[in-house]
Amino acid sequence: MKPSIPQGTRDFSPEVVRRRQYILNTIRAIFELYGYQPLETPSMENLTTLMGKYGEEGDRLIFKIINNGLNDPKNQEKAKIGFEKVLEGKNSPDLTERALRYDLTIPFARYVVMHQNDLAFPFRRYQMQPVWRADRPQKGRYREFWQCDADVVGSDSLINESELLCIYQGAFHKMSVPGIEVKINSRKVLAGLAECCGASGLLTDITVAIDKLDKIGMDGVQKELLQRGITEDKLNFINNYLNITGDAESQLIQMSQLLASSEIAQTGIQELRTTLAYHNQLADKNWNSNVVIDFTLARGLNYYTGIIAEVTTNAVKMGSIGGGGRYDDLTGLFGLKGLSGVGISFGVDRIYDVMEELNLFPEQLSSSTKIIFVNIEPAAETAILGYVNELRKSGIAAEYYPDKAKFDKQMKYADKRNVPFVGIVGESEMKDNVIKLKNMISGEQETVNLMQLANVLADSI
RNA sequence: GAGGAUAUAGCUCAGUUGGUUAGAGCGUCGGUUUGUGGUUCCGAAGGUCGUGGGUUCGAGACCCAUUAUCCUCCCCA
């Protein structure tokens, strides 16, 4: 049998895991810095928790888990009826009661509702776990991938929005990802545009179309708008909308004039202005990225209601590497009304791909072991195990090659593992209670005692 | 859900208009008189050419089907 793994999934080899952990640790540290608390939820949720939350397309992409025990005689009849429903494209709890987590936001909302009496609001949590989507895999798209979410519920303040923007900037600055652009917009401005076009019902169609501006150009957007049912006389208005440029304040002023007749748009514009003002106070001027207003930004998920954000890098051809926004009534879906939330998500797998392509990972991630002692003299074993033990006690990762093997084989092994030092204790070293220490990077060798050895290794960290 | 491409050694790929025992590089293993890797030199192992049919005297190559992978669109992180 040929070994294989399911489509769109991946094995992560040791070096890859180290690099992924570097990303996760960086993001985690920032989340903690801003007061977010860790949360984990199950890999699977009840199907009913997930269905209908991500739009029609989303429902299709949910990985469903077939129920166990369908062969039990008392379940067989139900299973057959359930299967008929599934063949019609419907879901049936008789066949699938559970599904794999599709994102981290809905499980979070469920958690908040279930634990509402125990939580101190505003509640800030971060969550870093894999999610699954039955999407067609391609470049930068996987069926199993990780998200890192930070959300706060129970606060309407736009301070939250601006802090989350800071988290994006701080994290990507820390990871030295170049070309980062944090784009923001407001669903309320988009709603205002639809309203001014007299096409509030076509909000989604308008946003989906204009979101593609940088991809298909103005002509393409117009074509798409017409296809989606926008009448020709509205195109000019949308054109004006898309042509607004300048610095943030100038953009806001122009938009305010263009959408003067829409109350909701004015609210959205004011929210953008306030968010940027807070952000201005909180942001570190040294960060390597900027927050910019992009009125074409749409974001697919249909539960966003206020400020929305998306992160891209122009250094690599890649979709967005992060996104988020405000959702006024997320927990309402589960019966808890009046609780507003706002959150962001990091796309770890895409960030990894970007960093890998640009060679941004620090060198020293490759190995934790500082020294390997070669195994060439059985009589030295006791001494070496003693050395290894002492080094480990002082927090230095050390190994003893467990089998007696050819010298050059052991050297090759250390080299391949990227271990920076090799310790050699043969007959003569053993006699003098010393270690011959070889620096694998410079190739130099010196003879040291245990205390000197510990010092050299400690210094090399 | 729609469209396109690819499938040959562990990996990356050659293989001419169909013609004998299917090749290379890297990697692996062994040797280079055995206590020195990342840079020698020599050698070896490793493939029923994704799978199943068909055309042909003859198929890795051509045709059909099937499966898998990759890519684009849709949508998304």
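Only this structure's heavy atoms are used, side chains among them; waters, hydrogens and symmetry mates stay out. Here is how names work: the chains are called A, B, and so on, in the same order as the sequence lines, proteins then strands, and each is numbered from 1.
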Give [X] one of three labels, base, sugar-phosphate or nothing, depending on what nucleic acid heavy atoms sit under 4.0 Å from its own.
X: A/Leu61; result: nothing
X: A/Gln7; result: sugar-phosphate
X: A/Ser442; result: nothing
X: A/Tyr413; result: nothing
X: A/Ile424; result: base
X: A/Val208; result: sugar-phosphate
X: A/Gly58; result: nothing
X: A/Ser320; result: sugar-phosphate
X: A/Glu429; result: base
X: A/Arg228; result: sugar-phosphate
X: A/Asp135; result: base

Kindly point out which of [options] is positioned nearest to the side chain of [X]?
X: A/Arg350; options: B/rG35, B/rG37, B/rA77; value: B/rA77
X: A/Lys212; options: B/rC74, B/rU72, B/rC76; value: B/rC74
X: A/Gln147; options: B/rC71, B/rU36, B/rA77; value: B/rA77

Both distances under 3.5 Å, Watson-Crick or G-U wobble: report the partner of [N], or none.
N: B/rG37; answer: none
N: B/rG23; answer: B/rC13
N: B/rU28; answer: B/rA44
N: B/rC62; answer: B/rG54
N: B/rC49; answer: none
N: B/rU69; answer: B/rA5

Grab the [atom1]-[atom2] distance between [X] and [N] for me, whole Å please.
X: A/Lys412; N: B/rG27; atom1: NZ; atom2: P; answer: 10 Å
X: A/Asp205; N: B/rC74; atom1: CG; atom2: C1'; answer: 14 Å
X: A/Glu444; N: B/rG38; atom1: CD; atom2: P; answer: 18 Å
X: A/Gln227; N: B/rC74; atom1: CD; atom2: P; answer: 11 Å
X: A/Tyr102; N: B/rC76; atom1: OH; atom2: P; answer: 8 Å
X: A/Arg141; N: B/rU72; atom1: CZ; atom2: P; answer: 9 Å

Under a plain distance cut-off of 3.5 Å, with no hydrogens placed, do [Y] and [X] share a side-chain donor-acceptor pair?
X: A/Arg125; Y: A/Gln127; value: yes
X: A/Asp151; Y: A/Tyr327; value: yes
X: A/Asn239; Y: A/Gln222; value: yes
X: A/Asn25; Y: A/Arg28; value: yes
X: A/Glu429; Y: A/Thr447; value: no

[N] and [M]: how far apart are their [atom1] atoms, nearest whole angstrom?
N: B/rC49; M: B/rC62; atom1: C1'; result: 15 Å
N: B/rU12; M: B/rA2; atom1: P; result: 30 Å
N: B/rG46; M: B/rU33; atom1: C1'; result: 29 Å
N: B/rU8; M: B/rC13; atom1: P; result: 9 Å
N: B/rG58; M: B/rG18; atom1: P; result: 16 Å
N: B/rG27; M: B/rC42; atom1: P; result: 15 Å
N: B/rG25; M: B/rA14; atom1: P; result: 16 Å
N: B/rA7; M: B/rG60; atom1: C1'; result: 11 Å

Can a salt bridge be assigned to the pair [X] and [Y] using a cut-off of 4.0 Å between side-chain N and carboxylate O?
X: A/Glu399; Y: A/Arg417; value: yes
X: A/Glu163; Y: A/Arg124; value: yes
X: A/Asp349; Y: A/Arg10; value: yes

**Message:** Could you check whether the side chain of A/Asp415 and the base of B/rG38 have a donor-acceptor pair of N or O atoms closer than 3.5 Å, going by distance alone?
**Reply:** no

**Asked** Is A/Lys406 side chain donor-acceptor paired with the B/rU34 base, going by distance under 3.5 Å alone?
**Response** no

So, does [X] get its side chain near the phosphate of [N], meaning an N or O under 4.0 Å from OP1 or OP2?
X: A/Gln138; N: B/rC70; value: no
X: A/Lys409; N: B/rC29; value: no
X: A/Lys416; N: B/rG27; value: no
X: A/Gln410; N: B/rG37; value: no

**Message:** Under the criterion of centre distance below 5.5 Å and interplanar angle below 30°, is A/Phe145 classified as stacked on the base of B/rA77?
**Reply:**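 According to the criterion (under 5.5 Å, under 30°), yes, A/Phe145 stacks.
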
